[in-house]
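Each chain gets a letter, A, B and so on, in the order its sequence line appears, and its residues count up from 1.
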Amino acid sequence: MDKEQVTLTIDGKTVTVPKGMVAVDAAKTVDIDIPVFCYHEKLGPFGCCRMCLVEVEKMPKLATACTLNVSQDMVIKTDTPKVKKGRNGVLEFTLLNHPLDCPVCDKGGECPLQDNTFEHGPDLTRMEYNRAHHDKATPLSPVITIDRERCIACQRCTRYSDIIEKDTALVMLNRGFHNEVGTFNNEPYDTRFSGNVVDICPVGALTNTQYRFKSRNWDLKNAESLCAHCACNCNIVIGTRQNRFMRVQAKSSENSVSNDFVDDGWICDKGRFGYQFLESKNRILDPRENGIGDSRAGVIETAKKVAASFKKIAEEHGPDSVGFLGSPFGTNEELYLYQKLFRLGLGTNNIDHKLYADSPGLPVDHYDMEDVESADLVLTIASDPTEELPILDLRLKKAVSSLGTKLAVLSDQQTLMDCFACHSLRYNVGSDGTVLQSLTDGLGKKGFKKNKGFETETGIESDAFKELIASLKKSTKVCVIYNPEKLTGDSVHILKSFLTALDKNSEGTCGAIPAAPATNALGAMDMGVLPDYYPGGIPVSNAAKIRELWGDSAPVTEGASASELIQKAESGELKALWIYRCNPLVDFPGGAKLEQALKKLDLLVVHDMLETETTRIAKVVLPSNGPGYDEGTTTNIGGRVQFRKRGIVTQNPADWKILGAMLKELDIESDYRDSFEVTSEIASTVPGYSEVNRKNLRKFGHQREKVSNPKVPESKGSSEKAPDKNALRLRVSNYLFAHDKILDASSSLAHHFQTSSIYIHEDDAKSLGLSSGAEVTIKSDWGEIKAEVQVNNRCNPGGALVPYISDEQGVASLLNPDGGPTWVTFKN
Amino acid sequence: MKLFLTHNIDTKDLHSIKVYKKQGGYGSLEKAFAKKPDEIVQMVKDSGLRGRGGAGFPTGLKWSFLAKDVFPRYLACNADESEPGTCKDRVLLQKNPHLLIEGMILCAYACQIETAYIYLRGEFYDLAEIMDKALEEAYEAGYLGANILGSGMNLEMYTHLGAGAYICGEESALLNSLEGMRGEPRLKPPFPAVEGLYGKPTVVNNVETLCAVVPIMNEGPEAYAAVGTEKSKGTKLVSVSGHVKKPGNYEIPMGLPTRDLIYDLAGGIRDDNELKAWIPGGSSVPMLPASLVDTPYDYEAIAAAGSMLGSGALIVMDHTTNVVEEALRLAGFYMHESCGKCTPCREGTRWLHQILSDIHLKKGKESNIALLEDICDNMSFKCFCPLGDAAVAPVISSIQNFREDYEELLNLAKAGTAS
Amino acid sequence: MFTFSESSEKQIEKIMKKYPVKRSAILPLLALAQRQDGYITPEAMVEIGKRIDCSPAYVQSVCSFYTMFYTKPVGKYVIQFCINISCHLLGCDDLLEYTANKLNIKVGETTADNKITLLKEECLAECSAAPVMRLNDTYHTNLTREKIDQILDSLD
């Protein structure tokens, strides 16, 4: 539906824009810059700073252009003597008690107050009294510094806290001249998205503590890049000075233009303050063999040598004696080249990147992140956007609170989205298969009937479930967001049947967003880093298609999955394993047995950016540049492919270059001059990526076409009984600020680190005789860890939530290596 | 003199429903329920009643602006009487609470409203108790609640106490405050009639305005319009304070010469001093010199004289007054009461106060007057809400009409007699 | 820890029924907390936030906007002395100074025995009976030194 257009005149220029647009934005379309402080396109009109005064014909008073909705034939003048006097006056008021400490202000050079004063302000002050004083530069949080003297009370930050983050943690206190930005009882303003206030502050009142006095911003080199912390792939600007990392900002209207397909101009605090790993002392800089690093040995030379060794082993023991364990953290180019290296160079499908069940493709439309705003119902399944994909959290809140979207949350744990949901259903840990099957059946002809068995098994009340089904059926646009990683067994396949049923039975349209949280989780699937699928979701069984695209030598038998690779290492079948940007010793179940298995290998190569537990035991370690240093594309949860630009130049060769050399070493034609040439090859070989090219990637990226959606295996669905009555079923949940290799002890986000906890329901607490605060040992058949009990009902009785809070916590050691359910008991 | 609001105000125990009813109270309801809501709106339009809170906007017209077919709608009675010099609503609230309730029922009927709030300033705790008692009586008597007098009309009415903020007298700030927010004014449009309380169409009227609807209903719009002038109809309750012998609240027909108000009703200037200055309508309107004391007390004549009728608070100053001192006092008030939302008001009110303090302390400079005028110009009509304009009024009018008072202090400053 | 008293709870029940949106109850609840403790503590703000589904910061933001809410202890009696124009014209400054001297405190302070807090206030809307002050919930009008003596002497 096109909005009604109106035509008006601004400074003599004719402008045609949608009716109701505010004059500031209308003027922008014809390059007329109306100065503002309080107005921000994402926060909407407010009108408190009075900077944007303009003259409007037939209006006796000057109007504020940020609150003025344009209408047909309106005549606006922004340059009359009356306007000039008005703006000059407003700026005099604005500066009246401002300290004018620009020489020592970090905002200097990119400060709207400076710029507006330069252009519209008085050159002298008539203020003859002492300026009001406040404490200079006090911590608002461990990462944000507040200088209240500089504040001009535009309320951008407090409105952000209210309208966007929706927690009103940052507020205006007091009244009138004593107005100040503050928090409850002077507590730190320490949220998941607090740093955005630094970007939107139009003066130097809120500054990035780690960046303070590090650089003048005109000395910065700014690279428009992508955040690599999660699969939202938010657009960021990396500022460096003399090739050293200085800061991260959101790419927004403040410095460029926001990417509304992805992040709407906001980033989370992990994305902003969690970039110290770029200069971590744990970065791998040199290749290393048998524990001995050698800066003289070239990375490429070493890589070629190892590739030849792999080739030799494959020839000696057969292609399936080598394997590749990739990760969802590499770029599409890197992952594409790796699968090519192993498939074409070594002849094996022994490649994988994940432990959970999932297959490429969707039976319905793949929705972009922006679609949550136009959907009338968003259903999240097993997803915890706040901890897993923070910007999705903001987008959902925006959709729900200002765009009329309804939210339904279907999860086995309480999340922070629940309070925004109209349906909030919590199923028993492990019962997702039954829930999804019932949902599928319920949408069909049979419908869903009140059912005691269902209620006992899932913990969901029949009536609430019925209401959800009714909502799904009658909505005009449903967007399903699910986290495959947190579905148990192979219920992700039932989920896909549910999507098919939804598509068939709902009155409107529907689509889905597979929301695995790792940076390039979707890209890794699309690039075929899977034992059973080639890039673009082509199953190995489709030999004809594979031969056509990849040639006659491409292997067409299913390879070993990630967990099978480990099993084969243990059994000795696997001789050589190449691990890329993955740390199985911490992330995989198996504990000490796993380490023994890896040590059995003849050749273990780890190609990574930071030292890990696994690099310690590798025979060969190769440096990978990683985000900030690398270049390439990633595919976010919405299927949007974007280009991640380099912020820092490094001497080390790019991963695609290393891979190119290895391919050549294995006699595969490869002559890539830059990462875009790999991208072009992806476009020509990977279904769904054909339109991805340098031009399309500019600005907002490009949503790839749907990849093929092969028929999914029938799922068995599992819901198993506890082995003993005191055992609870374990569910590992995510925590945004987990203490890992990326956020290490030196991180400025270290204050967010938590201690090991386990969340249980009060019913279980009672029967197990546990109470909040109790220190316990959690035991499973495979391992044990220590944790503090919190009785908070975040999951139903029978379940136990353990948030992943650090690498050292050792959660993976508890897990069932077969991928089956994990039951835990407690020891005081 | 024909009085509509206060003819029986001194009747003993008028605040009780028994006495009120004996005086004919609640008699208008039956008449109203016999008519269609729109007819009541028309009657109020015909009466020429204008908002008595300060802005003087035609009441019937305001009611007719309510967004069509959008429900629920709300009524908020503005009993946040805070304009310096004004104490007229408190008389009605204290002595005749049922008159307000009756007026509000009429408004609610005319505007199809089922929930009404009386927003009282926080300091009116005692009046809220009186009001709550009256509401209780009205509920008991069946004038409030479900199906009032069998008419099918439902109305819930509640008191709500503010907590100390002059700005909440501004209608949109009042709504914010009633919604549990800081009392900062809202962006207009949308106006309350379209998006008011909880985003719904809302009527916001002053106590006196709503009370006046009762006699309009009882005696007919013609009878009401017969009193007053051509454009300023009916009577006005005026609070007279300052240097007069008999300060008090006086109900007068619109258009009565101000002289009669000061010299007859209020008994003249204290100690038979000379009148020097008068503020016709509360602190937010320009002050006028004695020479204009024959101005008829109505909207148009006072506007023509260079001020505004405002809330109907006549503040009288005799010849012993140095007007600068009073302007300073009011500047302090606006500085204290500025909500701080917009820059010119937040900064400007404080700056004006700083400069006026200097002048008052005989530390001023000649250039200060021009500076004050320019600051006022930079604030005028450039603030978010009318508080900024109000803050300017006493300063600018005192300079215009009583420049000699400034010069006297500036000359003393020049002579080095700083105090 | 802050808890509303039993009688407060009864009033809260009534208050919550007045509004379709819980947040509207914030001023009445703050007033209630203040009546209970004399002033509003951070703990009370947390509790009120829970009642109306708002963050404690929000409660503090609203609370600090309104001058009748005290966030520090005040005396058993609080005198709000009007200093605005109508009272000023009739000598309130002198009376305020007189009161302060009599109480041996400065304006804004509380007597050493925590009995009386003396505050200056903007217009109290009783201008035609100026000078005026408010003592807790009661207005005292047409003040004179003698009247002030009487009032202060009558306080226990």
Discussion item. Among P20(C), A25(C), A31(C), which residue has the highest count of heavy-atom pairs closer than 4.5 Å to chain B?
Written reply: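 Of P20(C), A25(C), A31(C), P20(C) has the most heavy-atom pairs under 4.5 Å with chain B.
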Worksheet item: Taking every heavy-atom pair that is under 4.5 Å apart, which of I52(C), L27(C), I85(C), I26(C) has the most such pairs with chain B?
Response: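 Most pairs with chain B among the choices: I85(C).
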With a 4.5 angstrom heavy-atom cut-off, could you sort out which part of [X] is near chain C: side chain, backbone, both or neither?
X	result
C339(B)	both
L197(B)	neither
V316(B)	backbone
L161(B)	backbone

Practice prompt. Give the intermediate values and the outcome of side-chain contact (heavy atoms from CB on, under 4.5 Å) for residues V78(C) and L118(C).
Written response: CA-CA 6 Å; V78(C) 177; L118(C) 180 63; over 6 Å; no
Worksheet item: Between I83(C) and chain B, which part of the residue has a heavy atom less than 4.5 Å away: side chain, backbone, both or neither?
Response: both
Worksheet item: Tell me, side chain or backbone of L124(C) under 4.5 Å from chain B's heavy atoms, or both, or neither?
Response: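 Looking at L124(C), backbone and side chain both touch chain B.
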Practice prompt. May I have all residue pairs that pass salt bridge (charged side-chain N to carboxylate O under 4.0 Å, His left out) and include part of residues 65-81 of chain C, sequence neighbours excluded?
Written response: K76(C)-D156(C)
Discussion item. Once salt bridge (Lys or Arg N to Asp or Glu O under 4.0 Å) is applied, do any residues pair with D153(C), and if so which ones, sequence neighbours excluded?
Written reply: K102(C)
For chain C and chain B, give me every donor-acceptor pair shorter than 3.5 Å, distances to one decimal.
| residue | atom | partner | partner atom | Å |
| --- | --- | --- | --- | --- |
| K18(C) | O | Y117(B) | OH | 2.7 |
| K18(C) | NZ | T159(B) | O | 2.6 |
| Y19(C) | OH | H160(B) | ND1 | 2.6 |
| R23(C) | NE | E179(B) | O | 3.1 |
| S24(C) | OG | L178(B) | O | 2.6 |
| S24(C) | OG | Y198(B) | OH | 2.5 |
| Y58(C) | OH | G180(B) | O | 2.6 |
| S61(C) | O | R182(B) | NH1 | 2.8 |
| Y66(C) | OH | S177(B) | OG | 2.9 |
| Y66(C) | OH | M181(B) | O | 2.8 |
| Y66(C) | OH | G183(B) | N | 3.2 |
| T67(C) | N | A163(B) | O | 3.4 |
| T67(C) | N | G164(B) | O | 3.0 |
| T67(C) | OG1 | G164(B) | O | 3.1 |
| M68(C) | N | A163(B) | O | 2.8 |
| I83(C) | O | R329(B) | NH1 | 3.0 |
| S86(C) | OG | S241(B) | OG | 2.7 |
| H88(C) | ND1 | E326(B) | OE1 | 2.8 |
| H88(C) | ND1 | E326(B) | OE2 | 2.9 |
| H88(C) | NE2 | E325(B) | OE2 | 3.1 |
| L89(C) | O | H243(B) | NE2 | 2.9 |
| D93(C) | OD1 | R329(B) | NH1 | 2.9 |
| D93(C) | OD1 | R329(B) | NH2 | 3.4 |
| D93(C) | OD2 | R329(B) | NH2 | 2.7 |
| C123(C) | O | R121(B) | NH1 | 3.0 |
| C123(C) | O | R121(B) | NH2 | 2.8 |
| A125(C) | O | R90(B) | NE | 2.8 |
| E126(C) | OE2 | R90(B) | NH1 | 3.3 |
| R134(C) | NE | E123(B) | O | 3.0 |
| R134(C) | NH2 | E123(B) | O | 3.2 |

Discussion item. Looking at every non-hydrogen atom in both residues, tell me the closest pair between C63(C) and I40(C) and how far apart they are.
Written reply: SG-CD1, 4.0 Å
Worksheet, complete the sentence: Looking only at heavy atoms, the pair that brings L95(C) and F81(C) closest together is CB-CZ, 3.7 Å
Check: [Y] and [X] side chains under 4.5 Å, non-hydrogen atoms:
X	Y	result
L93(B)	V91(B)	no
M104(B)	I118(B)	yes
I79(C)	I116(C)	yes

Item to complete: With sequence neighbours left out, write down each residue that passes side-chain contact (heavy atoms from CB on, under 4.5 Å) with D113(C), or none if nothing qualifies.
Response: T111(C), K115(C)
Worksheet item: Of all of G248(B), A165(B), A313(B), which one pairs up most often with chain C through heavy atoms under 4.5 Å apart?
Response: G248(B)
Item to complete: Go through the steps for T110(C) and I105(C) under the test side-chain contact (heavy atoms from CB on, under 4.5 Å), then give the verdict.
Response: CA-CA 7 Å; T110(C) 302; I105(C) 52 173; 5.9 Å; no
